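All values derive from a computational prediction rather than experimental measurement. Note: hydrogens, waters and symmetry copies are ignored here, and every other heavy atom, side chains too, is used.
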Amino acid sequence: MTIRVYNTLSRQKEAFEPMTPGRVHMYVCGPTVYDSCHIGHARSIVVFDVIYRYLMLRGYQVVYARNFTDVDDKIINRANELGISTAELAERYIDEFHADMGALNVKRPNYEPKATEHIDQIIDVVKRLIEKGYAYVVDGNVFFAVEKFNSYGKLSGRKLSEMEAGARIEIDKQKQNPMDFVLWKASKPNEPSWESPWGKGRPGWHIECSAMSIDYLGKSFDIHGGGKDLIFPHHENEIAQSEAAFGQLFVKYWLHNGFVNINHEKMSKSLGNFLMIKDILKAYHPEAIRLFLLSNHYRSPVDFNDQEIREASSALDKIYTLLERVGSVLDELPEADESGTGFGEKGTNYWHLFCNAMDDDFNTAQGIGVLFDAVRHLNRVLDEKSADPSSEEEIQAVCRDILNMGGVLGLLAESPAQYFENQRRTVLEKGSLDSETIEKLVKEREAARKAKDFQTADKIRDQLKEMNIQLEDRPDGTIWRYAK
RNA sequence: GGCGGCAUAGCCAAGUGGUAAGGCAACGGCCUGCAAAGCCGAUAUUCUCCGGUUCGAAUCCGGAUGCCGCCUCCA
């Protein structure tokens, strides 16, 4: 089985064949650290996190780099507003980013380079572009001359002539062509700046990604990812710079994720509807957010709203409920197999179906369908277990599959006990009840039931239900959980 | 104006030529003192509409309608 990926460059799915067999070098555009991360960032990062996990599981040795843009206009403006340095501002939001991503169970890339720590490499690329005649200097600014690069527009499918016709950008008189973009920006007073052959300045936005990806992954590498909005101009310009400077293919596969809308509207500053990750995490389990984000194919747009995220939460409950059931039957849950060999013969049919889905352009939505098929299968086996104690092996195998799928998706990282305990704690924090009161009521009801006083028992249950507490009578006692 | 995408049950969603996955919700049955959880079942004769290609189309082609994105900082 080969993995097939949709390549923005060719506008079709292609067989995935890394440049070096067995090794994958990938780069994803990370955030500009001037503000908190929103759900849109989360999608991009979670999607590529899953791709990263899956490639490793398929046995590839993956080198993954994701940058921080820590110097640009927005950062400078924000730092000035707050009266702190750009470095302090960047550090603050990098820390926050790591906290958010940690909560979302995102694996750290091998490298997380910052633009400001790669000024030498950036200057080096700019120099090279000037030497080769692709760039020109005007008053301490260095611009890339798009007309000199023949295949400019190949990623976004635009032609220079057409773009000029429709261009509504303010024309910069320093530019030879309105579409030329800045590689090195002369600094104004009181702006962070670095010495360069063209005077004090700072890097343009696009050049950092070229310089850093090349530095960590090579002049040609396999996968470059990011949000769809980065196709033009950011990635188009990265290609132009990199290929002009080094005369070789920059990136083999370009992958772009779709947007997150909020209540059917685009997230935008004018609407003020940015949903920050840290705020969503206050109300919902991080894995519910992941499950929600991965329920649609990564290239499609997805709409974030209360109903959707609640549904994802219910779906996640269903999986953890199953794991809890398994835990009550087996001595311990099987270990997920993250060694990368789990792909071979060990898995059952569910695991292979899941891999088939993932092989098809990382179709997590389909994969999640397989996951739920496995959940239903296992619930059925558990229902019938009393009649057939020899089913333990099957339970082990399917459960391991479920945990393996969870491992790829970055889900099911908690034990069921932890998961439900956290959920109960959240309910208690929100509500006016404390666990002692609940336990007391549960005991009273238990006593009433024993005395066959079902009227009283049901009254207590209804009373708790009104406070979003659902009772569940099990053979080994009554438990309570959050009622959706 | 240029480029691109999408339209599948009440909602979300997978499915790119072989006869409609999965989740949530609701309904019937099993289980239960009753519930809950879980399982089983029935739910789209049909995939926005109109044409065409084909033995066969949600899937390919043409057209229509509707919605959305990018072209400006943006994941």
Side-chain angles (χ1 to χ4, degrees), chain A residues 8 11 13 28-32 34-35 37-48 72-74 77 153 156-159 161-170 179 205 225-234 236 256-261 264-269 274 291-292 295-297 299-303 305 307-308 310-319 321-322 324-325 353 357 360 363-384 449 452-455 457-458 461-462 465 470-474 478-481 483-484:
Chain A
T8 306
R11 289 169 196 75
K13 282 184 199 170
V28 171
C29 287
T32 300
Y34 73 106
D35 201 352
C37 278
H38 53 64
I39 183 73
H41 293 108
R43 184 180 198 194
S44 175
I45 283 152
V46 165
V47 160
F48 287 103
D72 89 325
D73 289 341
K74 292 189 295 288
N77 292 339
S156 55
R158 295 154 209 268
K159 294 192 176 98
S161 50
E162 285 165 3
M163 282 191 279
E164 286 174 75
R168 281 177 298 182
I169 51 170
E170 197 181 327
M179 296 309 295
W205 172 37
K228 264 194 163 107
D229 53 330
L230 296 179
I231 295 170
F232 190 89
H234 185 53
E236 193 71 71
H256 293 98
N257 65 275
F259 275 176
V260 179
N261 290 65
H264 312 289
E265 282 179 329
K266 187 188 159 154
M267 274 197 289
S268 72
K269 283 182 187 132
F274 279 97
L291 184 59
F292 160 75
S295 297
N296 297 53
H297 186 91
R299 284 188 279 119
S300 308
V302 59
D303 191 61
N305 56 62
Q307 190 193 330
E308 289 300 308
R310 285 211 182 102
E311 286 183 8
S313 301
S314 299
L316 186 64
D317 278 356
K318 182 176 182 146
I319 311 174
T321 301
L322 179 267
E324 194 177 45
R325 282 190 83 186
L353 288 170
D360 184 13
N363 194 335
T364 52
Q366 193 171 46
I368 288 167
V370 176
L371 173 59
F372 280 102
D373 282 338
V375 168
R376 179 156 26 81
H377 177 116
L378 206 44
N379 266 316
R380 201 184 306 140
V381 173
L382 289 166
D383 279 356
E384 291 161 1
R449 285 182 73 210
K452 303 268 187 231
D453 180 5
F454 294 120
Q455 206 177 347
D458 292 353
R461 187 170 60 196
D462 291 345
K465 177 88 197 229
Q470 177 69 56
L471 295 186
E472 201 173 308
D473 296 327
R474 298 185 178 182
T478 299
I479 61 116
W480 65 272
R481 62 170 68 197
K484 288 81 71 177

Asks: At 4.0 Å (heavy atoms only), tell me whether Lys266(A) reaches a base, stays on the sugar-phosphate, or touches nothing.
Replies: base

Asks: Sort me out a list of protein N/O and nucleotides 57-59 of chain B N/O pairs below 3.5 Å, or just none if empty.
Replies:
none

Asks: Ignoring hydrogens and angles, tell me if any N or O in the side chain of Glu236(A) forms a donor-acceptor pair with the backbone of Gly153(A) under 3.5 Å.
Replies: yes

Asks: Taking donor-acceptor contacts at under 3.5 Å, does the side chain of Asp473(A) reach the base of C34(B)?
Replies: yes

Asks: So which nucleotide does C34(B) pair with, by the Watson-Crick or G-U wobble rule with both distances under 3.5 Å?
Replies: none

Asks: Which residue, Asp458(A) or Ile368(A), contacts RNA chain B at a nucleotide closer to its 5' end, judged by nearest heavy atom?
Replies: Ile368(A)

Asks: Any sub-3.5 Å donor-acceptor pair from Asp360(A)'s side-chain atoms to Asn363(A)'s backbone N or O?
Replies: no

Asks: Among C74(B), G15(B), C24(B), find the nucleotide with the atom closest to the side chain of Trp205(A).
Replies: C74(B)

Asks: Using purine N1 to pyrimidine N3 plus N6-O4 or O6-N4 for Watson-Crick, or N1-O2 and O6-N3 for G-U wobble, both under 3.5 Å, which nucleotide pairs with C55(B)?
Replies: G18(B)

Asks: So which one's nearest nucleotide on RNA chain B is more toward 5', Thr32(A) or Val370(A)?
Replies: Val370(A)

Asks: Applying a 3.5 Å limit to both distances, which nucleotide forms a Watson-Crick or G-U wobble pair with A9(B)?
Replies: none

Asks: List, with names and distances, any nitrogen or oxygen atoms from the protein found under 3.5 Å away from nitrogen or oxygen atoms belonging to nucleotides 4-9 of chain B.
Replies:
none

Asks: Hunt down the Watson-Crick or G-U wobble partner of U45(B), both distances under 3.5 Å, from any strand shown, or write none.
Replies: none

Asks: Test for a donor-acceptor pair under 3.5 Å between the base of G15(B) and the side chain of Gln366(A), counting only N and O atoms.
Replies: no

Asks: I'd like to know if Arg325(A) and Asp383(A) make a salt bridge, using a cut-off of under 4.0 Å between side-chain N and carboxylate O.
Replies: yes

Asks: Could you please name the option among C70(B), G23(B), A14(B) that lies closest to any side-chain atom of Ala315(A)?
Replies: G23(B)

Asks: Taking only the side-chain heavy atoms of Arg158(A) (C-beta and beyond), determine which of G2(B), C74(B), G15(B) contains the nearest atom.
Replies: G2(B)

Asks: Is the shortest side-chain N/O distance from Arg380(A) to OP1 or OP2 of C40(B) below 4.0 Å?
Replies: yes

Asks: Planes under 30° and centres closer than 5.5 Å, is that true for Phe454(A) with the base of G33(B)?
Replies: yes

Asks: Which one is paired to C70(B), where only Watson-Crick or G-U wobble pairs with both distances under 3.5 angstrom count?
Replies: G2(B)

Asks: If you check every side-chain atom of Phe259(A), which of C73(B), A37(B), A75(B) has the closest atom?
Replies: A75(B)

